[in-house]
Amino acid sequence: MPLNIEAARRVQERLAGRVVFLPLPPVEIVAGLDVAYVGDTALGAAVAVRMADLSLADRACSVTKSVVPYVPTFLAFRELTPMLRAYMKLRAKPDVILVDGHGVAHPRRFGIASHLGVVLGKPTIGVAKSRLYGVEKGDVVVDPETGEVLAKVVNCGGKRYVSVGSHATLSDAVRLVEDLCRGGDIYPLKAAHDLTQVMKKAWRRGALSHDEHGDSCP
DNA sequence: GCGACAG
DNA sequence: ATCTTGTCGC
């Protein structure tokens, strides 16, 4: 199943108008989402931790068939489903979600973090390891057309481009991400990525059941 | 036409 | 993202 680029673009352009910029409510629980692949199988992981002590609040996984290819600026059409399926299994719902990828620092102001935030109608923050769109001016990324600030560069084991997904403010997003920097990684995202790697090994051993069945977490 | 291009 | 182990350096 390829990917109808024209249709996908229209979806992004329309939903981009639903992105909301609001102060981030008090965060008690924060979650990190990530997706890994083994052939055409997508392995999604969601890890929720308590802001207070970073203790594990909950975790969930998803195992689905990957059907959409990766096309720059359309990452959500490939990874949103694996992420959502894992997220929905979380019993401890987070106050905010961290996503691997950009939020509004996107050509159409609708990266995967924004897509998730609009779909769930809750706070999301995009954290990417490299730039996708915009011009880097010091520790900020601005839109070359409007000059608007789209993201801020945060240092945590290398450059991290932090942008609002939805239902958050850039300053609040940056503050939260900086607070979660541990050992050169953003804790919740590192935890989700680690879980993803454990899933890959389990999957290769045939120790993971295909989604709709059991607790696909190793 | 050429270069850029999250994961 | 994924293909892939050990090795040099602090």
Side-chain angles (χ1 to χ4, degrees), chain A residues 1-3 5 8-9 11-13 15-16 19 32-47 61-87 97-119 124-137 140-145 149-154 156-166 170 173-174 177 183-186 188-204:
Chain A
M1 197 72 218
L3 171 70
I5 303 239
R9 173 177 286 107
V11 167
Q12 294 182 322
E13 297 176 333
L15 295 182
V19 168
L33 268 44
D34 192 25
V35 179
Y37 302 84
V38 172
D40 64 347
T41 298
L43 306 171
V47 176
C61 306
S62 73
V63 179
T64 57
K65 286 205 64 176
S66 180
V67 289
V68 181
Y70 166 66
V71 178
T73 77
F74 296 102
L75 177 64
F77 293 85
R78 173 176 171 75
E79 305 194 330
L80 200 61
T81 293
M83 282 186 177
L84 273 173
R85 295 190 70 118
Y87 171 78
I97 303 171
L98 266 40
V99 181
D100 255 302
H102 296 283
V104 299
H106 176 279
R108 292 170 288 288
R109 304 289 177 73
F110 204 66
I112 188 168
S114 297
H115 206 137
L116 182 67
V118 166
V119 167
T124 56
I125 296 171
V127 181
K129 303 177 191 63
S130 60
R131 182 191 57 74
L132 169 66
Y133 175 74
V135 180
E136 216 169 311
K137 301 284 187 181
V140 142
V141 174
V142 302
D143 186 306
E145 304 303 302
V149 175
L150 300 177
K152 185 166 183 190
V153 183
V154 170
C156 176
K159 284 185 179 180
R160 300 300 169 125
Y161 296 82
V162 179
S163 61
V164 171
S166 192
L170 182 56
V174 169
V177 171
D185 274 298
I186 292 147
L189 287 176
K190 169 62 172 173
H193 184 269
D194 287 346
L195 176 51
T196 237
Q197 298 309 302
V198 173
M199 289 180 75
K200 294 207 307 188
K201 296 178 181 179
W203 174 255
R204 292 193 174 108

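Each chain gets a letter, A, B and so on, in the order its sequence line appears, and its residues count up from 1.
The closest donor-acceptor contact from the side chain of A/S114 to the backbone of A/S166 lies at 3.5 Å or more, if one exists at all. Looking only at distances, no side-chain donor or acceptor of A/S66 sits under 3.5 Å from a matching main-chain atom of A/A42. A side-chain donor-acceptor contact under 3.5 Å links A/S163 to the backbone of A/G103.
Atoms CG (A/L189) and P (C/dA1) sit 12 Å apart, rounded to a whole Å. Per the geometry, CH2 belonging to A/W203 stands 20 Å off P belonging to C/dA1, to the nearest Å.
Taking 4.5 Å as the limit, every side-chain heavy atom of A/Y37 sits out of range of all side-chain heavy atoms of A/L43.
Within the 4.0 Å cut-off from OP1 or OP2 of C/dT2, at least one side-chain nitrogen or oxygen of A/K200 is found.
The aromatic rings of A/H115 and A/F110 lie tilted to each other, with the angle between the two planes from 30° to 60°.
There is a side-chain donor-acceptor pair under 3.5 Å between A/R108 and A/T73.
As judged by a 4.0 angstrom heavy-atom cut-off over every strand, A/R108 is placed among residues making no nucleic acid contact.
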Check the interface with nucleotides 5-7 of chain B: list each N/O to N/O pair with the protein under 3.5 Å, or write none.
| from | atom 1 | to | atom 2 | distance (Å) |
| --- | --- | --- | --- | --- |
| B/dC5 | OP1 | A/R131 | NH2 | 2.8 |
| B/dA6 | OP2 | A/Y70 | OH | 2.5 |
| B/dA6 | N7 | A/T73 | N | 3.3 |
| B/dA6 | N6 | A/T73 | O | 3.2 |
| B/dA6 | N6 | A/F74 | N | 3.4 |
| B/dA6 | N6 | A/L75 | N | 3.3 |
| B/dA6 | N1 | A/I112 | N | 3.0 |
| B/dA6 | N3 | A/H102 | N | 3.0 |
| B/dG7 | OP1 | A/K129 | N | 2.9 |
| B/dG7 | OP2 | A/S130 | OG | 3.4 |

